[in-house]
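Report on the structure given below.
Excluded from the calculations below are hydrogen atoms, water molecules and symmetry mates; all remaining heavy atoms, backbone and side chain alike, are included.
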Amino acid sequence: MDTAARKDRRVWLHIGVIFGVLAVLLAGVILVALALSSGAKQEAPVMLREQCAYEMYEIRTGEVRLTYRITLQNNTGKDLVDFAMRGVLRDDYKSGYLLNADASVEQWGTHSKVFTLKDGETQTWDIVLTAPYYRNDEKASGALPQLYAIYPDGSEAAIKAQ
């Protein structure tokens with residue numbers, strides 16, 4: 001075999017090795033991404049609808065504070081530590097009572113935005129949802145909000161009412 005043929009063969013061998021290494025790296029990146037995305041799915045506690053109630057509202061400059069008593073039950077199989085919540089008040093937004101449906105959530109009296117619920121535990125909190133007020137003649141609907149648990153890793157899960 002002449003020198004030119006050996007040189008061509010070596011070039012093609014190098015190109016093959018480079019493509020092989022790139023293929024292995026790409027496969028690794030894809031596997032890591034899939035593992036991270038499947039692990040990001042969090043379970044949430046459930047809201048026990050019969051033990052929840054709208055309590056009151058307070059209008060402040062440009063916002064309304066709606067107070068609810070909610071009972072959550074953790075059946076996820078693990079402790080839910082230091083999660084936050086956000087609320088969506090669709091009925092009050094649709095009626096024109098609020099400028100948008102999104103509301104921040106904090107514990108009444110303590111102003112803490114962090115909640116902990118051990119596995120198997122049921123706990124009741126008075127919470128305050130704060131949202132921008134539209135300043136019209138409508139009144140708060142009193143409908144329970146849709147709540148979402150926001151975990152320390154940034155993932156989020158809907159809290160379903162039962």
message = Would the distance check show the side chain of Thr76 and the main-chain N or O of Glu43 forming a donor-acceptor pair, the cut-off being under 3.5 Å?
response = no
message = Tell me the closest heavy-atom pair linking Ala157 and Ala44, and the distance in Å.
response = CB-CB, 3.8 Å
Path from Tyr148 to Val105 over hydrophobic side-chain contacts below 4.5 Å = no
key: Approximate separation, where rounding is to 0.5 Å, of Leu48 CG and Gln162 CD   = 7.0 Å
With sequence neighbours excluded, residues passing side-chain contact (heavy atoms from CB on, under 4.5 Å) with Ile18 = Leu22
key: Cluster link Leu80 to Ile127, ILVMFWY, side chain under 4.5 Å   = yes
query = Which ILVMFWY residues are connected to Met56, directly or by a chain of links, through side-chain heavy atoms under 4.5 Å apart?
reply = none
ask   = Other hydrophobic cluster members with Val81, side-chain heavy atoms of Ile/Leu/Val/Met/Phe/Trp/Tyr under 4.5 Å, chained?
value = none
note = The side chain to side chain donor-acceptor pair (under 3.5 Å) partners of Arg10 (sequence neighbours excluded) come to none
inquiry  = Rounded at 0.5 Å granularity, tell me how far OH in Tyr133 sits from CD1 in Ile59.
reply    = 3.5 Å
request  = Check the hydrophobic clustering (I, L, V, M, F, W, Y; side-chain heavy atoms under 4.5 Å; chains of links allowed) and say if Leu66 and Leu144 are grouped together.
outcome  = yes
key: Arg49/Met47 under side-chain contact (heavy atoms from CB on, under 4.5 Å): CA gap, chis, key distance, verdict   = CA-CA 6 Å; Arg49 186 188 317 264; Met47 183 183 341; 5.8 Å; no
key: Thr122: partners by side chain to side chain donor-acceptor pair (under 3.5 Å), with sequence neighbours left out   = Gln73
ask   = Counting only heavy atoms not in Tyr151, do more than 12 sit closer than 6.0 Å to its OH atom?
value = yes
query = Is a side-chain N or O of Asp119 found less than 3.5 angstrom from the main chain of Gly77, in a donor-acceptor match?
reply = yes
message = I'd like to check the ring-ring contact (aromatic ring centres under 6.0 Å, His included) partners of Tyr54; sequence neighbours left out, ordered by chain and number.
response = Tyr68
message = So, using side-chain contact (heavy atoms from CB on, under 4.5 Å) as the criterion, who are the partners of Thr110 when residues are at least two apart?
response = Gln107, Ser112
Side chains of residues 87-100: which donor-acceptor pairs under 3.5 Å do they make with residues two or more places apart or in other chains?
{"residue": "Asp92", "atom": "OD1", "partner": "Ser141", "partner atom": "N", "Å": "2.6"}
{"residue": "Asp92", "atom": "OD1", "partner": "Ser141", "partner atom": "OG", "Å": "3.0"}
{"residue": "Ser95", "atom": "OG", "partner": "Asp92", "partner atom": "O", "Å": "3.1"}
{"residue": "Ser95", "atom": "OG", "partner": "Tyr97", "partner atom": "N", "Å": "3.3"}
{"residue": "Asn100", "atom": "OD1", "partner": "Asp102", "partner atom": "N", "Å": "3.1"}

key: Over all atoms of both residues, closest heavy-atom pair of Leu117 and Phe83   = N-CE2, 4.0 Å
message = Tell me every residue that passes side chain to side chain donor-acceptor pair (under 3.5 Å) with Asp126, counting only those two or more places apart in sequence or in another chain.
response = Arg69
key: side-chain contact (heavy atoms from CB on, under 4.5 Å) involving Ile150 - partner list, sequence neighbours excluded   = Ala84, Arg86, Glu156
remark   = Nearest heavy-atom contact between Pro152 and Asp82 is CG-O, 3.4 Å
message = Would you say Ile70 ends up clustered with Val46 if hydrophobic residues are merged whenever their side chains have heavy atoms under 4.5 Å apart, either directly or through other cluster members?
response = no
request  = Can you sort out the partners of Asp79 under salt bridge (charged side-chain N to carboxylate O under 4.0 Å, His left out), two or more places apart, ordered by chain and number?
outcome  = none
inquiry  = Test: salt bridge (charged side-chain N to carboxylate O under 4.0 Å, His left out). Region: residues 12-21. Which pairs qualify, not counting sequence neighbours?
reply    = none
